[in-house]
Structures are given as C-alpha cells and as structure tokens.
Amino acid sequence: NLIVSPIQLFYRDTSFHSGPFKSYADDVLKRHENEFEACPLYLRDFMEIIDSKDIPAIQGLRKYVLFRGVIEKVRILQRAAP
C-alpha cells in the first residue's frame with residue numbers, strides 16, 4: 001500500500017526516546033480505528049505534508065485500487081470456471 005507501508009516502515013524497529021515521535025500505535029493508529037483512514041490523518045495532522053483536500057483523493061484512489069482487485073479476481077474465477 002502506497003500510504004500505509006512507508007509509514008509502517010518509518011516506525012519499524014525504531015525506538016524514539018525524545019522528540020515528537022512516540023510509536024506507530026500512538027502517532028498513527030489512535031487517529032482512526034481503520035489503519036488506512038488513520039494514515040492520511042497522520043500525514044495531515046502530525047507530519048503536515050498533505051492538507052484536507054488531499055484526503056478524499058487518497059480515499060478515492062484506494063477505492064479504485066480495491067475495485068480493480070475485485071474485477072481481476074472475478075476474471076480469474078471466470079477463466080477457471082468450467
């Protein structure tokens with residue numbers, strides 16, 4: 001995932017002893033119960049690298065990618081069907 005994976009990678013195997021960063025759970029996951037929803041909020045509120053106008057575009061891209069994945073799975077099942 002283009003949004004979640006880089007943020008997870010930033011926090012992986014890292015301990016923060018001072019500064020604004022705490023942990024993935026504290027900094028990211030507390031923003032929303034859904035991880036994908038939490039990550040854009042983290043980028044907007046904590047990192048300040050996107051604004052509120054970017055969030056619907058990111059969510060739209062996610063829906064498109066999910067939709068394309070479903071379509072591809074249906075095609076695979078159709079080819080496998082007798």
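The analysis underlying the following values was restricted to heavy atoms, covering all of them including side chains, and did not include hydrogens, waters or symmetry mates. Nothing fancy with the numbering, it's 1 onward along the sequence.
- In this structure, Ile49 is a member of the same hydrophobic cluster as Phe36, with clusters built from ILVMFWY side-chain heavy atoms closer than 4.5 Å.
- Here the CG-CG distance, from Leu66 to Leu61, works out to 9.5 Å after rounding to the nearest 0.5 Å.
- Note: Ile50 CD1 to Asp45 CG = 8.5 Å, rounded to the nearest 0.5 Å.
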Exercise. Starting from the C-alpha separation in whole Å, work towards a yes-or-no answer on salt bridge (charged side-chain N to carboxylate O under 4.0 Å, His left out) for Lys30 and Glu37.
Key: CA-CA 11 Å; Lys30 285 189 176 180; Glu37 299 293 330; over 6 Å; no
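- To the nearest 0.5 angstrom, Leu2 atom CG is 12.0 Å from Cys39 atom SG.
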Quiz item: Should Tyr24 and Arg12 be marked as a side-chain contact (heavy atoms from CB on, under 4.5 Å) after you check the CA-CA gap, both sets of side-chain angles, and the distance that decides it?
Solution: CA-CA 8 Å; Tyr24 186 75; Arg12 185 175 296 141; over 6 Å; no
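- Hydrophobic clustering (ILVMFWY, side-chain heavy atoms < 4.5 Å, transitive): Val65 and Ile7 are in distinct clusters.
- Of the possible donor and acceptor atoms, none in the side chain of Arg62 sits under 3.5 Å from a partner among the backbone N and O of Ile58.
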Self-check item: Audit row: Phe46, Val28, side-chain contact (heavy atoms from CB on, under 4.5 Å) steps and yes/no
Solution: CA-CA 9 Å; Phe46 193 70; Val28 180; over 6 Å; no
Quiz prompt | From CA spacing to verdict: side-chain contact (heavy atoms from CB on, under 4.5 Å), Ile3, Leu43 | solution = CA-CA 9 Å; Ile3 302 295; Leu43 293 174; 4.3 Å; yes
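- Between atom CG of residue Leu9 and atom OG1 of residue Thr14 there is a gap of 8.5 Å, rounded to the nearest 0.5 Å.
- Residues Ile55 and Arg44 meet the side-chain proximity criterion, which asks for heavy atoms closer than 4.5 Å.
- Note that CZ of Arg75 is 6.0 Å distant from CD of Glu72, once rounded to the nearest 0.5 Å.
- The aromatic rings of Phe21 and Phe16 sit tilted relative to each other, their planes meeting at an angle between 30° and 60°.
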